[in-house]
Amino acid sequence: MKLRGFFLGLVVSAALLLSLSAHAQGCAACRDNTAATSPSTQRAYRHAIILMAGVASTFFLVTVALLRKKQ
């Protein structure tokens, strides 16, 4: 069972590390508003997006882990 978990972790890690870069959906209003800001603000937006995605992913994974543990 531990070997199966190891391989699953290996596959998930490889998929995350080797994935293609994602592009925004192309909302014109968002693009125009972001383009009108300074480079430091744009950098802050990029970091905020990564932070929010990380928090949401962590929340999801913790929830899944807790639900699996209850079974």
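Below, all heavy atoms of this structure are taken into account, side chains as well, without hydrogens, waters or symmetry copies.
To the nearest 0.5 Å, atom CG of residue Leu8 and atom CG of residue Leu3 are 11.5 Å apart. Atom-to-atom distance recorded for Ile50:CD1 and Ser57:OG is 11.5 Å, nearest 0.5 angstrom. Annotation: the span from Thr63 atom OG1 to Phe59 atom CZ amounts to 4.0 Å, rounded to 0.5 Å.
Between the side chain of Thr41 and the backbone N or O of Thr37 there is no donor-acceptor pair closer than 3.5 Å.
Not counting sequence neighbours, Val11 has no partner by the side-chain contact (heavy atoms from CB on, under 4.5 Å) test.
Taking Ile, Leu, Val, Met, Phe, Trp and Tyr as hydrophobic and joining them when side-chain heavy atoms fall under 4.5 Å apart, one finds Leu61 in a cluster with Phe60, Val64.
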